[in-house]
Amino acid sequence: MIHLFDTAKGAVVPLETREPQKVSMYVCGPTVDGAPHIGHGRMTLVFDVLRRYLEWSGYEVHHVSNVTDIDDKIINRAEREGREPADVAREFEALWWEGIDAIGVARPHDDPHATAWVGQMVEMIGALVERGVAYEISDGVYLEVSKVDGYGLLARQSLDSLQAGARVDANGEKRSPVDFVLWKKSKPGEPTWPSPWGDGRPGWHTECVVMSLGLLGDGFDIHGGGIDLTFPHHENERAQAVALGRPFARHWMHNGFVEVDGEKMSKSLGNFANLIDLVRSTDPRSYRLLVLQSHYRSPMEVTKDTIAQARQAIHRLDAFARRTADIDSSPGSGIEPDPALISKFREVMDGDLNTAGAMTLVFQLVRTVNQSLDIDDLAGAEPAVAAVRSMCQALGLELNDEPEVVPDDIIAMAEEREAARAARDFGRADSLRDAITGAGWILDDSAGGTTIRRA
RNA sequence: GCGCCGGUGCCCGAGCGGCCCAAGGGAACGGCCUGCAAAGCCGUACAGUCGUCGGUUCAAAUCCGACCCGGCGCUCCA
């Protein structure tokens with residue numbers, strides 16, 4: 001059984017699902033006010049691997065991830081650029097999916113948009129007001145945090161110490177500085193929805209409770225996101241559910257941050273690393289491998305160097321895939337993954353999703369298979385090859401065993417070089433090779449002939 | 001200030017009481033292969049030690065305390 005760290009419990013615990021063999025997970029998605037960055041990339045990759053591994057383990061997974069398409073930052077950007085907030089949201093949502101698709105993250109089964117759920121949010125806020133845990137002041141409706149049992153569970157701090165640290169509120173009407181906004185009354189020119197408290201829009205923390213509960217139901221299994229969302233976002237989501245008396249997430253998961261040169265990478269710091277640039281400038285699988293080689297809760301260093309290191313490792317894996325391409329391990333082939341290896345993999349992954357340990361296994365197998373193949377021990381290699389393929393599937397790592405599509409003129413030059421080599425005219429052969437290299441292609445000579453690949 | 005999380009070889013990064021004189025990847029070096037290279041494969045070396053100082057224990061990278069450094073939250077943030 002898989003064990004995962006639960007932020008609320010502060011410990012690694014077995015994943016006990018609401019229904020047997022089914023997992024419902026809600027992952028906090030982006031606010032689409034700008035291009036996705038590599039931190040978003042890591043987050044989606046972490047939960048993609050979790051989802052794939054659970055599916056590989058036999059669970060039926062219901063994966064929901066929202067898109068926040070109305071928010072102050074979107075409004076501000078729209079204002080700055082003189083266009084409609086919806087237009088800003090549309091543009092960056094498209095970019096979001098481009099980045100996510102490129103790194104091979106499976107699309108969620110549902111991708112609720114905040115703007116489509118405002119009616120339900122108004123309803124929920126109404127219920128909170130009715131229960132006497134929310135109150136209206138001049139600029140909006142707030143949740144009264146002191147009325148929520150166990151507030152501070154995720155923050156791992158008492159209400160008192162949270163209150164001590166909270167910034168003083170400018171308005172002065174809030175009953176406590178930690179009370180948070182459920183409904184924001186609109187200022188002129190902003191997008192609005194009607195409500196019993198006047199036109200306005202929902203606060204950020206409200207959308208995720210309403211949409212997660214709405215799509216996955218009470219007591220769903222996993223709620224996840226970046227570690228920065230732990231407090232206040234997730235705390236406040238939970239507070240609303242608790243205040244309503246509804247069971248919320250059974251299990252909380254948060255992934256660690258990406259750091260660039262030891263520093264937090266974020267929009268506000270300006271050392272913002274764009275995911276789109278990354279996937280356009282390198283093999284996107286490199287980034288998945290980099291993510292896999294560190295633990296999801298640890299900080300992860302992303303620089304040109306670490307990306308390049310991962311790309312080299314991907315090359316090694318691809319070479320392995322090419323070398324073993326002739327081994328057919330499809331169902332009915334008679335070649336099964338070595339059960340001992342699979343159970344070792346499972347044991348490692350079940351320990352809080354230890355993907356780094358899993359990659360260790362994969363690379364060790366790559367070596368032993370190569371050793372077997374070096375001495376023509378095909379039978380010894382086959383079950384290990386099948387195991388590697390199975391593991392890679394669980395990790396969402398696609399290995400490339402296909403020769404690349406090479407332009408005709410490059411092929412022509414390569415053939416000419418072959419002729420020159422056959423004629424032992426190595427001067428001519430080498431100058432042709434230089435020309436091919438100059439065009440961005442690399443020749444791999446081997447006993448079986450020469451293959452061409454992109455540099 | 002309060003709370004949380006880290007500091008492991010040249011780089012990235014697992015391990016979190018005995019299986020660790022510490023995995024794996026990258027880089028380095030050597031060999032095989034090659035007309036020569038590159039690629040690929042194989043192998044070797046690199047941490048006598050896991051930020052520092054104390055402590056607990058038969059046993060500590062792993063637990064406890066203090067300190068130093070970095071990150072996160074308490075403010076928009078994945």
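Chain A is the first sequence line, chain B the second, and so forth, proteins listed ahead of strands; every chain is numbered from 1.
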K.L.:
Answer yes when E91(A) and R83(A) have at least one side-chain N-carboxylate O distance shorter than 4.0 Å, and no when they do not.
P.N.:
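Yes, charged N to carboxylate O under 4.0 Å.
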K.L.:
Are the charged groups of R107(A) and D101(A) less than 4.0 angstrom apart, N to O?
P.N.:
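Salt bridge between R107(A) and D101(A), a charged N being under 4.0 Å from a carboxylate O: yes.
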K.L.:
Please determine, for the side chain of F257(A), which listed nucleotide (C72(B), G26(B), A14(B)) has the closest atom?
P.N.:
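So the nucleotide nearest the side chain must be C72(B).
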K.L.:
Check this for me: does any side-chain nitrogen of one of D318(A) and R453(A) sit under 4.0 Å from a carboxylate oxygen of the other?
P.N.:
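No, this pair does not count.
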K.L.:
Quick one: label T306(A) by what it contacts on the DNA or RNA (base, sugar-phosphate, nothing), any heavy atom closer than 4.0 Å.
P.N.:
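It contacts sugar-phosphate atoms only.
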K.L.:
For a quick check of understanding: with a heavy-atom distance under 4.0 Å over all strands, which category does D374(A) fall into, base, sugar-phosphate or nothing?
P.N.:
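Touches sugar-phosphate only.
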K.L.:
Output the single nucleotide from C77(B), C42(B), A38(B) whose closest atom is nearest the side chain of K73(A).
P.N.:
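Among the listed nucleotides, the one closest to the side chain of K73(A) is C77(B).
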K.L.:
Can you tell which of A78(B), G71(B), G25(B) lies closest to the side chain of E259(A)?
P.N.:
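The nucleotide sitting nearest to the side chain is G71(B).
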K.L.:
L443(A) near the nucleic acid: base, sugar-phosphate alone, or nothing, with a heavy-atom cut-off under 4.0 Å?
P.N.:
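Contact class for L443(A): base.
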K.L.:
Give the nucleotide from the list A38(B), C77(B), A78(B) with an atom nearest to the side chain of N255(A).
P.N.:
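Nucleotide nearest to N255(A)'s side chain: A78(B).
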K.L.:
What contact category does R323(A) fall into here, base, sugar-phosphate, or nothing, at under 4.0 angstrom with non-hydrogen atoms?
P.N.:
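Here R323(A) touches the backbone only, sparing every base.
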K.L.:
Of the nucleotides G26(B), C41(B), A23(B), which has the atom closest to the Q312(A) side chain?
P.N.:
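My answer, after comparing the listed nucleotides, is G26(B).
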K.L.:
Can you tell me the distance, in whole Å, between the NE2 atom of H223(A) and the P atom of A78(B)?
P.N.:
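Interatomic distance, NE2 of H223(A) to P of A78(B): 13 Å.
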K.L.:
Is there a residue in residues 423-437 of chain A whose heavy atoms reach under 4.0 Å of RNA chain B, and which residues are they?
P.N.:
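Those residues whose heavy atoms fall under 4.0 Å from RNA chain B, taken from residues 423-437 of chain A in numerical order, are R424(A), F426(A), D430(A), R433(A).
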K.L.:
For R297(A), what residues pass the side chain to side chain contact (heavy atoms under 4.5 Å, CB included) criterion, not counting sequence neighbours?
P.N.:
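For R297(A), the residues satisfying side chain to side chain contact (heavy atoms under 4.5 Å, CB included) (neighbours in sequence not counted) are F5(A), V12(A), H295(A), D352(A).
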K.L.:
With respect to the side chain of I227(A), which nucleotide from C12(B), C72(B), C74(B) is positioned closest?
P.N.:
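Selected nucleotide (nearest to the side chain): C72(B).
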K.L.:
Looking at R90(A) and E84(A), is any side-chain nitrogen of the basic one under 4.0 Å from a carboxylate oxygen of the acidic one?
P.N.:
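Judged by the 4.0 Å cut-off on N to carboxylate O distance, E84(A) and R90(A) do not form a salt bridge.
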K.L.:
Have a look at G256(A) and say if it touches a base, only the backbone sugar-phosphate, or nothing, with a 4.0 Å heavy-atom cut-off.
P.N.:
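Contact class for G256(A): base.
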K.L.:
Under 4.0 Å between any heavy atoms, over every strand shown, what does H254(A) touch: base, sugar-phosphate, or nothing? Just pick one.
P.N.:
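It contacts nothing in the nucleic acid.
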K.L.:
Counting the atoms with a prime plus P, OP1 and OP2 as sugar-phosphate, which does R421(A) contact under 4.0 Å by heavy atoms, base, sugar-phosphate, or nothing?
P.N.:
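R421(A): base contact, heavy atoms under 4.0 Å.
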K.L.:
H63(A) and H109(A): side-chain donor and acceptor closer than 3.5 Å?
P.N.:
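There is no such pair (donor and acceptor under 3.5 Å, judged by atom type) between the side chains of H63(A) and H109(A).
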K.L.:
When you measure from the side chain of F363(A), which nucleotide among A23(B), C12(B), G25(B) comes out closest?
P.N.:
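The answer is G25(B), which lies nearest to the side chain.
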K.L.:
How long is the line joining OH of Y151(A) and P of G3(B), in whole Å?
P.N.:
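For the pair Y151(A) OH and G3(B) P, the rounded distance is 18 Å.
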K.L.:
For G35(B), does the O4'-C1'-N9-C4 (purine) or O4'-C1'-N1-C2 (pyrimidine) torsion place it in syn, i.e. within 90° of 0, or in anti?
P.N.:
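What G35(B) shows is an anti base, its glycosidic angle lying more than 90° from 0.
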K.L.:
R417(A) has a side chain; which of G26(B), C36(B), A78(B) sits nearest to it?
P.N.:
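Taking heavy atoms from C-beta onward, the closest nucleotide is C36(B).
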K.L.:
With side-chain hydrogen bond (donor to acceptor under 3.5 Å, both in side chains) as the test, would you mind laying out the steps for W56(A) and S390(A) before giving the verdict?
P.N.:
CA-CA 9 Å; W56(A) 180 89; S390(A) 181; 3.0 Å; yes
K.L.:
Could you summarise the pairing of RNA chain B as dot-bracket text, marking Watson-Crick and G-U pairs under 3.5 Å with ( ) or [ ] inside the strand and | across strands?
P.N.:
((((((((.[[[..)..(.....]]].(((((.......)))))......[[[[[..)....]]]]])))))))....
